[in-house]
Amino acid sequence: MDNILEVKNLKKNFIQNQGFFTSNKKVFKAVDNVSFNIKRGTIMGLVGESGCGKSTTGKLILNLINPSGGEVIFNNKTLYNVENKIQLSGKNLRDLRKDMQIIFQDPYSSLDPRKSVESIVGEGVKKHNLLKKSELREYIISYLNQCGLDEDALKKYPHEFSGGQRQRIGIARALALKPKFIVCDEPTAALDVSIQSQILNLMLDLKEKHGLTYLFISHNLNVVKNFCDEIGVMYLGTIVEKGEAKEIFREPLHPYTKALIASVPKSHPLEKRERILLKGEIESASNIPEGCRFNTRCPFAKERCYKEEPKLLEVKKDHFVSCHLYNEL
Ligand SMILES: Nc1ncnc2c1ncn2[C@@H]1O[C@H](COP(=O)(O)OP(=O)(O)O)[C@@H](O)[C@H]1O
Ligand code: SF4
Ligand SMILES: [Mg+2]
């Protein structure tokens, strides 16, 4: 299986001025050296606590924000390479943009309240000149139908729908552009549990039907476990463990992943798990600890962990972890 997406050493620093009377600046390393590939037709999950850099990574991949470093290759085309000063532009960029869509977390704020569903779903299709005007309405209806909405939705406005239905509109909007790849940024986090599984099932059906690839961002490990083929666990701007989802849940290696998995209710009462309790809170992205960035919370931290940053290494087949406990093996 080939890679539809390759992300190499991605970085994003947000610079914040420290006040009107000072020139001091604070640097937030929101994304700090993130690398991963996604195989065509699969779902890659990105998990981690709030603030660890998941959404920023998603936006960088789509080039919705300017990167501070790194490279994104989509469908064998370089979207950008900061170090080599490569940046796709013009028609090539527009074509690539159509192939890469995003579904946002909050269906309340991501749909323009002043626009009808017809214009929301049709907007991108018109912009990219995908169809004749006379064919547009039927086309929009077919995508609404595929997302479980009927023709009556066309003339309505977002506030007339429930949260789950709004997310269906957001999915129809993304899908109508016939993308190859969708970044799904916590698409079910704002929905009731009963609605969440309906939306996830819809997304799985659509993926199969249209041969899509997803980057699925979530802080909910339970969702990721059943939904994703591979996962990357993010901590303070970087990936600390990645591999097949089944393998990572069966044998998590990084102390942070172990702690995250231990905090999820067991699926079977006899399931055995190592219990790791985290100390303290996640640090600020403006204050990343020296050495291993997890050392302020790790129960296994030793001298080396305060001096040397562990590399993300393949410690078992297709299973990568950045922790000195394994690097010594
Ligand atoms: N536009 C911005 N300006 C300054 N800091 C930002 C901006 N967007 C995100 N951040 C910071 O970057 C870090 C990562 O944020 P984000 O990618 O939204 O995390 P997540 O999606 O994992 O919750 C956080 O510390 C956040 O405060
Ligand atoms: S490198 Fe050290 S501090 Fe970091 S996760 Fe491993 S044991 Fe913990
Ligand atoms: Mg987010």
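When a ligand or atom number is given, it counts from 1 through the structure's own listing order. Residue numbers run from 1 in the order of the sequence given.
- Under 4.0 angstrom from ligand 2, the non-hydrogen atoms of C292 all belong to its side chain.
- The backbone N or O of I120 sits nowhere less than 3.5 Å from a side-chain atom of R173 that would complete a donor-acceptor pair.
- Of the protein's heavy atoms, C323 SG, 2.3 Å lies nearest to atom 6 (Fe) of ligand 2.
- Looking only at distances, a side-chain donor or acceptor of D229 sits under 3.5 Å from a matching main-chain atom of I43.
- Looking only at heavy atoms of the protein, atom 12 (O) of ligand 1 is closest to A30 CB, 3.2 Å.
- Residue S50 approaches ligand 1 through these ligand atoms, each under 4.0 Å from one of its heavy atoms: 23 (O).
- Residues E290 and N295 bring no donor and acceptor atom of their side chains to less than 3.5 Å of each other.
- Taking a 6.0 Å sphere around CD of E303, one finds it holds 12 or fewer heavy atoms contributed by other residues, nucleotides or ligands.
- Checked against a 3.5 angstrom limit, the closest N/O atoms of K54 and ligand 1 fall inside it.
- Geometrically, K242 engages F320 in a cation-pi contact defined by less than 6.0 Å to the ring centre and at most 45° from the axis.
- For the 3.5 Å distance criterion, the side chains of H319 and E241 qualify, holding a donor opposite an acceptor.
- Near N295, with a cut-off below 4.0 Å to any heavy atom, the atoms of ligand 2 are 3 (S).
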Verdict with reasoning, V117 to F161, per side chain to side chain contact (heavy atoms under 4.5 Å, CB included): CA-CA 10 Å; V117 170; F161 295 90; 3.6 Å; yes
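- Residue R304 does not touch ligand 2, judged by heavy-atom distances below 4.0 Å.
- Residue contacts with ligand 1: G53 is placed with a nitrogen or oxygen under 3.5 Å of a nitrogen or oxygen of the ligand (distance criterion only).
- Every atom of ligand 2 is numbered from 1 in the order shown, and the set under 4.0 Å from a heavy atom of H254 is 5 (S).
- Among the atoms of S55, some N or O lies under 3.5 angstrom from an N or O of ligand 1.
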Run F294 and H254 through ring pair (Phe, Tyr, Trp, His ring centres under 6.0 Å) and show every step you take. CA-CA 10 Å; F294 187 57; H254 195 284; 5.5 Å; yes
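- A donor-acceptor pair under 3.5 Å links the side-chain atoms of K54 to the main chain of G48, judged by distance alone.
- Residue contacts to atom 6 (Fe) of ligand 2: C305 brings no N, O or S atom closer than 2.8 Å.
- Contact annotation: C298 places an N, O or S atom under 2.8 Å from atom 8 (Fe) of ligand 2.
- Backbone and side-chain nitrogen or oxygen atoms of G51 are examined, and one is located within less than 3.5 angstrom of a nitrogen or oxygen of ligand 1.
- Within a 4.0 Å radius of atom 21 (O) of ligand 1, the protein has at least one heavy atom.
- Annotation: cation-pi pair K258/Y256 absent, no NZ/CZ under 6.0 Å from the ring centroid and within 45° of its normal.
- The contact set between ligand 2 and P255, taken as ligand atoms under 4.0 Å from a residue heavy atom, comprises 5 (S).
- Checked against a 6.0 Å centroid threshold, the rings of Y214 and F181 do not count as neighbours.
- Nearest protein heavy-atom contact of atom 1 (S) of ligand 2 is H324 N, 3.2 Å.
- Within the 4.0 angstrom cut-off, atom 2 (C) of ligand 1 has one or more protein heavy-atom neighbours.
- Backbone and side-chain nitrogen or oxygen atoms of A285 are examined, and none is located within less than 3.5 angstrom of a nitrogen or oxygen of ligand 1.
- Summary of contacts: the protein heavy atom closest to atom 15 (O) of ligand 1 is T56 OG1, 3.8 Å.
- Here the side chains of V27 and K25 are not in contact, with every heavy-atom distance at 4.5 Å or above.
- In F14, the part holding a heavy atom less than 4.0 Å from any atom of ligand 1 is the side chain.
- The ligand atoms of ligand 2 that sit less than 4.0 angstrom from a heavy atom of F294 are 5 (S).
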Could you walk me through whether V7 and E71 pass the side chain to side chain contact (heavy atoms under 4.5 Å, CB included) test, one step at a time? CA-CA 6 Å; V7 173; E71 181 177 16; over 6 Å; no
